[in-house]
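Every chain is numbered from 1 and lettered A, B, ... according to where its sequence line falls, protein lines coming before strand lines.
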Protein chains: 2
Amino acid sequence: MAKRTGEKYEAIIDAAVRVIAKYGYHQAQVSRIAREANVADGTIYLYFANKDDVLISLFNEKMGQFISNASKALSEIESPVDQLRELIRLHFESLAADYQLAIVTQIELRQSKPEVRKEIGLILKRYLKVMDQVIEAGVEQGAFRDDFDVITARRMIFGTIDETVTSWIMKDCKYPLMDQVDPILDLLLNGFSR
Amino acid sequence: MAKRTGEKYEAIIDAAVRVIAKYGYHQAQVSRIAREANVADGTIYLYFANKDDVLISLFNEKMGQFISNASKALSEIESPVDQLRELIRLHFESLAADYQLAIVTQIELRQSKPEVRKEIGLILKRYLKVMDQVIEAGVEQGAFRDDFDVITARRMIFGTIDETVTSWIMKDCKYPLMDQVDPILDLLLNGFSR
DNA sequence: GGATGTTGAATGAATGGTCATTCATTTACG
DNA sequence: CGTAAATGAATGACCATTCATTCAACATCC
């Protein structure tokens, strides 16, 4: 049991994204996901240990993909400012490209049980490390100030990006998320002060 | 039914905070809240329409209180920079003062059903308006730049504060949250750039 | 080549546990 | 007494998970 690959494995994960995005976390019963994947209820348990495992695997697959892409893309950029811009751009781009996934990761999965959120947190940590590296490079190369705390700065970057995406979804993605990249970069770099 | 005041009304809300903080949202059954409040299960339905109503009322009572305090305090400050500092300070102070409430509003209530979260969002909006006013005053008085979007800036402030509080809770409140006020204010005002 | 056997994937109806909510009854108070 | 407040056992709805059964594909032998 619990194969972790195959056509149906992916079909179930993709069905879960669609069902959760459409009906919300609390209405995403196993049987509904199964129906959406054209699979019997029991089949899900041949590929996943339980319902929680479906959700964790979903996040792991999608986020893991994104972190790999982002790491690689950033490593090919020299300038810390350009790295930061690209980080924001990639983050927004990946969610704007698949707004069902955006709803699921940004809104719905945050309603999951502690055990699930704990796993999600571990996966997210890998992304936060990438952010830290960008900031540290900027400090070392002298593009950024050296008198602030990296963790505080990273929380600011992540918090700002996260809040921006969440409001974008809450407003039904009515405006282009990508338009926010440069305004945010500007404020992060230069602050509000005149 | 559904009186919205009285000794037991408050006892139930406070019990809900304690139970949710201690056992988590998903283990906060009505009967457990009732027991913690020294009240019978059915009594809760004399004061609240249903379980969701307990959660919404909880947030409304606690957050409403905070917004009133903050509005008043800020109106007595002239300098926009000082207003922003005080906003951050009050936000952190109110959560550092009652870390059970912090857990509930910051972590647990975010797992609630859509209907509950919608109500919570409405209440939060009043707070976001206060933030907007602080930013607008800063722009008008020339303390802040006038070439950024107020909404973008507010998302940055709120996102940063929110993420900071969440990590503080996730790290079991091991360091003084208040220590973060000035570093955050500095980064918001001046940015990362050298 | 067709009859028969074997395997494991897939099915979906049935189960069991969990709670929110109700309401018949009791208690307290004026 | 009469009324309102409080009680808590009983109810019923919901849903993840199980597992006896079916099905499909391929192998083996005459």
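In summary, the side chains of B/Y47 and B/E10 do not present any donor paired with an acceptor at a separation below 3.5 Å, with no hydrogens or angles considered.
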Just distance, no hydrogens or angles: give the donor-acceptor pairs under 3.5 Å from side chains in residues 150-166 of chain B, sequence neighbours left out.
from: B/T152; atom 1: OG1; to: A/Q180; atom 2: OE1; distance (Å): 3.2
from: B/T152; atom 1: OG1; to: B/D149; atom 2: OD2; distance (Å): 2.9
from: B/R154; atom 1: NE; to: B/D132; atom 2: OD1; distance (Å): 2.8
from: B/R154; atom 1: NH2; to: B/D132; atom 2: OD2; distance (Å): 3.2
from: B/R155; atom 1: NE; to: A/S167; atom 2: OG; distance (Å): 3.2
from: B/T160; atom 1: OG1; to: B/M156; atom 2: O; distance (Å): 2.6
from: B/D162; atom 1: OD1; to: B/Q106; atom 2: NE2; distance (Å): 2.7
from: B/D162; atom 1: OD1; to: B/R110; atom 2: NH2; distance (Å): 2.9
from: B/D162; atom 1: OD2; to: B/R110; atom 2: NH1; distance (Å): 2.9
from: B/T164; atom 1: OG1; to: B/T160; atom 2: O; distance (Å): 2.6
from: B/T166; atom 1: OG1; to: B/Q106; atom 2: NE2; distance (Å): 3.3
from: B/T166; atom 1: OG1; to: B/D162; atom 2: O; distance (Å): 3.0

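Put simply, the side chain of B/Y99 does not reach to within 4.5 Å of the side chain of B/I169, judged on heavy atoms.
With B/Y23 as the aromatic partner, B/R32 meets the cation-pi criteria of under 6.0 angstrom to the ring centre and within 45 degrees of the ring axis. Cation-pi contact between B/K51 and B/Y25: present, with separation from the ring centre below 6.0 Å and deviation from the ring axis of at most 45°.
A side-chain hydrogen bond (donor to acceptor under 3.5 Å, both in side chains) check over residues 35-44 of chain B, counting only residues at least two apart or in different chains, returns the pairs B/R18-B/E36.
Atoms CZ (A/R35) and C1' (C/dA10) sit 17 Å apart, rounded to a whole Å. Look at CG on A/L46: it is 12 Å from C1' on D/dT17, rounded to the nearest Å. Taking atom CD1 on A/I44 and atom C1' on D/dC15, their separation rounds to 13 Å, with Å as the unit.
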Taking N or O atoms only and anything under 3.5 Å, show me the protein contacts with nucleotides 16-21 of chain C, one pair per line.
from: C/dC19; atom 1: OP2; to: B/Q29; atom 2: NE2; distance (Å): 3.2
from: C/dC19; atom 1: O5'; to: B/Q29; atom 2: NE2; distance (Å): 3.3
from: C/dA20; atom 1: OP1; to: B/K51; atom 2: NZ; distance (Å): 2.7
from: C/dA20; atom 1: OP2; to: B/V30; atom 2: N; distance (Å): 2.9
from: C/dT21; atom 1: OP2; to: B/Y45; atom 2: OH; distance (Å): 2.8
from: C/dT21; atom 1: OP2; to: B/K51; atom 2: N; distance (Å): 2.9

What N/O pairs connect the protein and nucleotides 11-13 of chain D at under 3.5 Å? Give each pair on its own line.
none

Output one line per pair: protein atom, nucleotide atom from nucleotides 24-30 of chain C, and distance, for all N/O pairs under 3.5 Å.
none

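Of the listed nucleotides (D/dA6, D/dT7, C/dA10), D/dT7 has the atom at the smallest distance from the side chain of B/V39.
The environment of OH in A/Y127 is crowded: more than 12 heavy-atom neighbours from other residues, nucleotides or ligands sit within 6.0 Å. Environment of CD in A/Q141: crowded, with over 12 heavy atoms of neighbouring residues, nucleotides or ligands closer than 6.0 Å.
Under the 4.0 Å criterion applied to side-chain N and carboxylate O atoms, B/E115 and B/K118 are not assigned as salt-bridge partners.
With sequence neighbours excluded, no residue satisfies ring-ring contact (aromatic ring centres under 6.0 Å, His included) with A/F92.
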